[in-house]
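Only one structure is covered here, and it is reproduced in the block below.
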Amino acid sequence: MRSSLLRPATPRALLRRPPQPSRRLLPLLAHPSQQPNPPPCRPHSTTTASSVNETEISHFSSLASSWWDPHGPSRPLHLMNPHRHDFIRSCLSSSPISPPYSSLTYLDIGCGGGIFAESAARLPATLSITGIDASPVIISVAKSHARRDPSLAQKLSYLNSPIESLVLPPVDIVTCFEVIEHVDYPSQFLGELIKFVRPGGWVVMSTIARTWMSWVTTNLVAEDILKMVPKGTHDWDKYLHEYELREWFSKENSREGKKVWGDARVMGVVFVPGCGWKEVKGSEKLGNYFFGVQRLV
């Protein structure tokens with residue numbers, strides 16, 4: 001019999017198995033009222049339960065002081081930012097009914113400390129951008145950092161608000177980067193989000209596919225081994241496949257009885273240590289990806 005001493009040791013972390021998808025979040029299209037135990041409506045919303053997860057808000061609020069440290073826990077977000085702008089430009093250029101690139105209005109949902117919002121406000125093509133976040137602590141960080149550059153005041157504004165109680169006119173581009181995998185009831189969240197897109201405008205998001213590969217890279221490697229981000233940052237249960245988002249917008253077209261939303265565009269990206277994020281065709285089915293869809297009417 002071969003001695004167990006001859007077998008290479010397996011790190012205990014590698015023996016962990018990713019959790020099974022939670023029934024409360026799958027299928028994506030299930031409305032909170034169809035869930036076994038829907039939460040009560042929050043004080044700020046008289047008609048729907050809030051998609052805000054207080055545990056997630058508390059976790060990210062604890063990172064607020066390091067949000068603008070390019071070598072801190074938010075480093076992956078800083079490195080991701082150029083790809084956000086590249087993807088938005090590719091979406092706009094793909095359709096003749098897109099708004100003119102010379103005067104764009106934005107709503108950045110779950111803006112965090114303002115990494116994307118500030119960079120967008122500095123673009124000559126940006127007319128205005130509003131960033132919203134449910135964390136008062138993080139919004140304070142965003143406002144404080146923006147005050148360092150007085151030139152931003154005419155374009156950039158921040159609101160501490162959940163999407164369910166937001167009152168704003170529709171904009172050209174609604175962005176939602178690395179957010180939907182942190183909310184409860186993503187279908188309800190999307191239903192609120194699309195209200196703010198004007199005809200011809202775009203929803204531009206980024207999130208993570210729910211695969212073995214994504215569990216290994218985000219939960220095991222990024223959190224447990226390399227400790228690039230604090231433990232608890234990622235909940236694999238809440239990751240969404242790009243086909244689930246496609247299906248959601250397809251069902252929305254069916255509900256409206258006409259094609260309100262166009263065909264989705266996707267771009268997969270992979271984090272390469274020492275190099276940052278790289279676009280890799282087909283990787284949207286494995287891990288991180290961008291997702292864009294245009295409102296046609």
Side-chain angles (χ1 to χ4, degrees), residues 32 41-65 67-68 74 77-78 80-81 84-85 88 99 104-123 126-147 149 152-198 201-207 238 290-293 295:
C41 293
R42 303 293 177 87
H44 58 252
S45 176
T46 58
T47 58
T48 60
S50 174
S51 58
V52 173
N53 183 298
E54 297 297 344
T55 301
E56 297 272 10
I57 294 299
S58 177
H59 173 79
F60 286 102
S61 294
S62 69
L63 305 176
S65 62
W67 207 274
W68 280 95
S74 297
L77 302 183
H78 287 270
M80 178 79 82
N81 209 42
R84 295 168 172 172
H85 290 286
I88 289 172
L104 297 173
T105 56
Y106 290 83
L107 172 61
D108 187 22
I109 297 172
C111 63
I115 294 172
F116 173 76
E118 274 202 24
S119 63
R122 290 192 172 91
L123 295 175
T126 300
L127 187 64
S128 68
I129 179 165
T130 301
I132 71 164
D133 202 282
S135 168
V137 177
I138 294 178
I139 280 293
S140 294
V141 169
K143 289 180 176 180
S144 176
H145 195 273
R147 283 194 292 268
D149 184 353
L152 298 175
Q154 299 300 315
K155 290 185 176 183
L156 176 61
S157 60
Y158 289 112
L159 295 173
N160 173 215
S161 173
I163 193 171
E164 291 83 1
S165 60
L166 187 64
V167 180
L168 284 175
V171 298
D172 297 318
I173 302 173
V174 173
T175 56
C176 183
F177 296 124
E178 289 79 49
V179 173
I180 196 169
E181 69 270 21
H182 298 290
V183 305
D184 290 334
Y185 310 113
S187 180
Q188 174 187 302
F189 178 78
L190 285 173
E192 295 292 329
L193 180 151
I194 62 175
K195 297 175 183 177
F196 298 99
V197 188
R198 65 174 50 150
W202 287 80
V203 173
V204 178
M205 311 167 60
S206 59
T207 187
K238 293 183 175 181
F290 287 92
F291 181 93
V293 61
R295 187 183 191 102

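Keep in mind that the numbers below use all heavy atoms, side chains included, and drop hydrogens, waters and symmetry copies.
- Distance check, rounded to the nearest 0.5 Å: CD1 of I132 to CG of L166 gives 4.5 Å.
- Between the CG atom in L193 and the CD1 atom in I180 there is a gap of 7.5 Å [rounded to 0.5 Å].
- A search for side-chain hydrogen bond (donor to acceptor under 3.5 Å, both in side chains) contacts involving S128 returns nothing, not counting sequence neighbours.
- S51 and Q188 are not linked by any side-chain donor-acceptor pair at a separation below 3.5 angstrom, with hydrogens and angles left out of the test.
- Pairs engaging residues 106-117 under the salt bridge (charged side-chain N to carboxylate O under 4.0 Å, His left out) rule: none recorded [sequence neighbours left out].
- Legend: side chain to side chain donor-acceptor pair (under 3.5 Å) pairs involving residues 130-143, not counting sequence neighbours, sorted by first then second residue: S61-S135, T130-S157.
- Considering OG of S119 and NE2 of H85, their distance stands at 3.0 Å, rounded to 0.5 Å.
- Among residue pairs with one or both ends in residues 112-121, those qualifying as salt bridge (charged side-chain N to carboxylate O under 4.0 Å, His left out) are E118-R122; sequence neighbours excluded.
- A search for side-chain contact (heavy atoms from CB on, under 4.5 Å) contacts involving A121 returns I129, L152, K155, L156, not counting sequence neighbours.
- In this structure, W67 has no ring pair (Phe, Tyr, Trp, His ring centres under 6.0 Å) partners at least two apart in sequence or on a different chain.
- Remark: L168 CG to L159 CG distance equals 6.0 Å, nearest 0.5 Å.
- A 4.5 Å side-chain heavy-atom check between I173 and Y106 finds at least one atom pair inside the cut-off.
- Nearest heavy-atom pair across T175 and I88 is CG2-CD1, 4.0 Å.
- Residues passing the side-chain contact (heavy atoms from CB on, under 4.5 Å) test with L127, sequence neighbours excluded: T105.
- Of all non-hydrogen atoms in D184 and N53, the two that sit nearest each other are OD1-ND2, 3.2 Å.
- Separating the CZ atom in R295 from the NZ atom in K195 is a distance of 11.5 Å, to the nearest 0.5 Å.
- In this structure, the side-chain contact (heavy atoms from CB on, under 4.5 Å) partners of A64, at least two apart in sequence or on a different chain, are V137, I138, V141.
- Take F177 and apply the ring pair (Phe, Tyr, Trp, His ring centres under 6.0 Å) test, not counting sequence neighbours, and it matches F116.
- For V179, the side-chain contact (heavy atoms from CB on, under 4.5 Å) test picks out C176, V183, F189, with sequence neighbours left out.
- Listed for the W68 side chain is a donor-acceptor partner under 3.5 Å among the backbone atoms of G113.
- Scored by the side-chain hydrogen bond (donor to acceptor under 3.5 Å, both in side chains) test, R84 finds N81, E178 as partners (sequence neighbours excluded).
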